[in-house]
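In what follows, every heavy atom counts, from backbone to side chain, and hydrogens, waters and symmetry copies are set aside.
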Amino acid sequence: MGDVIGFIGLGIMGMPMSKRLRETGYEVIVYDISSEPVEKLVEVGAKKSASPKDVACRSDVVISMLPTPTITKKVIFGEDGVNAGIRRGSVYIDMSTSDPLLTSHIAEVFEEKGVRTLDAPVSGGIKGAREGTLTIMVGGCRATFERVKDVLSCMGKNIMYTGRVGSAHTLKVINNMLLAMNMAATSEALALGVKAGIEPTMMRDIMSVSSGRSYALEVKVRDFVFPRNFAPGFTVDLLNKDIDIALNLGRRLGTPVLLGNSIRQLYESLVAKGQGGKDASIIITFFEEMMHTKKIKGKPS
Ligand code: NAD
């Protein structure tokens, strides 16, 4: 418990993750542009800070959990950013889902200052964050990974090393592109079944133990589609950000990403309808409308 942890970005994910660190006994220094989550964490013993620079000056390990690469760049290199305060010998961990190009750039700049960088994006959503059961994929120097493994263990159950810095962010955006495809494919299948007169709960129960099963079918349908509750969760906007990073990767590698490009258009149609802030499982409504089915509801599993 020796390390002081700085945590920047206290949203849907960052709030429960930093809370777990505090509850495990770490000294935690927090920052967010919104004061509400900061006050909530102060109530459980975290310390406030004035800026990302202030967090970095006072921490051994600095973690960020921010929405987009543009915001992460500003928090690191902007005025009063992490770069202005981070101490030699400390570790920076970006746990957001971000762009591996930015991550590699940050790592290069920090390396010159004697600071090690890891990318450690997570999977498992708000439930995993609350329960400390996230899957965490980690890129960067293996010795640095070993040094902070105890810190990561407070937040995650499956903690896996992926190789060079940026490799975990690469893997994570590819995972999320696949999630986007699975959610759309599952929605189309459910809507077609309902159109054909199949009862949705039975369809989910049978496909969940058949070859069509997926996280989208088992978890997203249970938690969002069947109860018709599209409060996030994981927003359409954040998912689109991840697909865009994956598609850019394809462009840089000079390779077509056929389904990824098509799926991006589908989710863009939700943004056009003003649904960017909803949980991405709201893609079900696209297929319900296209096939003129009733709203698909079902029983909890
Ligand atoms: P969120 O929008 O709920 O939270 C982001 C937080 O960052 C907010 O509290 C916001 O006020 C803060 N913030 C924004 N700009 C800031 C700035 N300049 N300085 C300091 N704080 C700032 O987002 P989230 O859902 O918690 O996602 C965070 C990251 O985790 C994203 O990269 C997302 O893709 C990834 N992720 C999300 C989920 C999920 O289920 N929500 C799951 C896995 C990974």
side-chain contact (heavy atoms from CB on, under 4.5 Å) assessment of Gln275 paired with Ile283: CA-CA 10 Å; Gln275 293 174 329; Ile283 192 72; over 6 Å; no

Met13 and Val122: CA distance, side-chain angles, deciding distance, side-chain contact (heavy atoms from CB on, under 4.5 Å) verdict: CA-CA 9 Å; Met13 296 297 284; Val122 306; 3.7 Å; yes

Chi angles and distances behind the side-chain contact (heavy atoms from CB on, under 4.5 Å) call for Leu192, Phe287: CA-CA 9 Å; Leu192 182 62; Phe287 292 98; over 6 Å; no

Intermediate values then yes/no, side-chain contact (heavy atoms from CB on, under 4.5 Å), Glu288 and Phe286: CA-CA 6 Å; Glu288 288 167 345; Phe286 176 91; over 6 Å; no

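The shortest non-hydrogen separation linking Asp119 to Ala168 is OD2-N, 3.1 Å. Closest of all the heavy-atom pairs between Leu270 and Val236 is CD1-CG2, 3.9 Å. Across all their heavy atoms, Glu39 and Lys48 have their closest contact at OE2-NZ, 3.0 Å. Summarising the geometry of Asp242 relative to Asn176, their closest heavy-atom pair is OD2-ND2, 2.7 Å, with the distance given to 0.1 Å. Between Pro67 and Leu238 the shortest heavy-atom distance is O-CD2, 3.5 Å. Taking each heavy atom of Val55 and Ser49 in turn, the nearest pair found is CG2-OG, 3.1 Å.
Without hydrogens or angle criteria, Lys195 side chain to Met291 main chain gives a donor-acceptor distance under 3.5 Å. Not one N or O on the side chain of Arg130 forms a donor-acceptor pair closer than 3.5 Å with the backbone of Pro16. When atom types are taken as modelled, the side chain of Thr162 and the backbone of Val138 share a donor-acceptor pair closer than 3.5 angstrom. A donor-acceptor pair is defined here as one N or O able to donate and one able to accept, closer than 3.5 Å; no such pair exists between the side chain of Thr186 and the backbone of Met183. Side-chain atoms of Asp3 do not come within 3.5 Å of backbone N or O of Ile5 as any donor-acceptor pair. Tyr161 contributes no side-chain N or O that, together with a main-chain N or O of Cys141, makes up a donor-acceptor pair within less than 3.5 Å. Under a 3.5 Å cut-off, the side chain of Lys294 and the backbone N or O of Val194 do not form any donor-acceptor pair. Not a single donor-acceptor pair under 3.5 Å links the side chain of Arg58 to the backbone N or O of Ile29. For Lys113 (side chain) and Asn83 (main-chain N/O), a donor-acceptor pair under 3.5 Å exists by modelled atom type. With hydrogens and angles ignored, the 3.5 Å screen pairs a side-chain donor or acceptor of Thr103 with a backbone N or O of Asp99.
We find that Arg222 and Glu218 are not joined by a salt bridge, their nearest charged nitrogen and carboxylate oxygen being 4.0 Å or further apart.
Open room surrounds CG on Leu258; 12 or fewer heavy atoms of other groups in view lie less than 6.0 Å from it. Counting heavy atoms of neighbouring residues, nucleotides and ligands inside a 6.0 Å radius, atom NZ of Lys295 does not exceed 12 of them. Atom CD of Glu146 has more than 12 neighbouring heavy atoms from other residues, nucleotides or ligands inside a 6.0 Å radius. Annotation for Arg116: atom CZ does not count as buried by contact number, only 12 or fewer foreign heavy atoms lying within 6.0 Å. Lys299 NZ: 12 or fewer foreign heavy atoms inside a 6.0 Å radius. For Lys220, the NZ atom sits in a packed shell: over 12 heavy atoms of surrounding residues, nucleotides or ligands are nearer than 6.0 Å. Counting non-hydrogen atoms of other residues, nucleotides and ligands closer than 6.0 Å to NZ of Lys53 gives a total of 12 or fewer.
Atoms NZ and CG, on Lys157 and Leu134 in that order, are 10.5 Å from each other to the nearest 0.5 Å. Interatomic distance, Met202 CE to Ile198 CD1, rounded to the nearest 0.5 Å: 5.0 Å. Between the OG1 atom of Thr133 and the CD1 atom of Ile136 there is a distance of 10.0 Å, given to the nearest 0.5 Å. Note that the CE atom of Met177 and the CD1 atom of Ile243 stand 8.5 Å from one another [nearest 0.5 Å]. Separating the CG atom in Leu41 from the OG atom in Ser18 is a distance of 4.0 Å, to the nearest 0.5 Å. Distance check: Arg22 CZ to Lys19 NZ gives 12.0 Å after rounding to the nearest 0.5 Å.
A donor-acceptor contact closer than 3.5 angstrom is absent between the side chains of Asn261 and Arg264. A donor-acceptor contact closer than 3.5 angstrom is absent between the side chains of Asp237 and Thr235.
For residues 59-73, every residue pair satisfying the salt bridge (Lys or Arg N to Asp or Glu O under 4.0 Å) rule, not counting sequence neighbours, is listed here: Asp60-Arg87.
Ile174 is not connected to Tyr215 by any chain of hydrophobic side-chain contacts under 4.5 Å among Ile, Leu, Val, Met, Phe, Trp and Tyr, and they are in different clusters.
Ring geometry, Tyr92 versus Phe110: the interplanar angle exceeds 60°, so the pair is classed perpendicular (tilted spans 30 to 60°).
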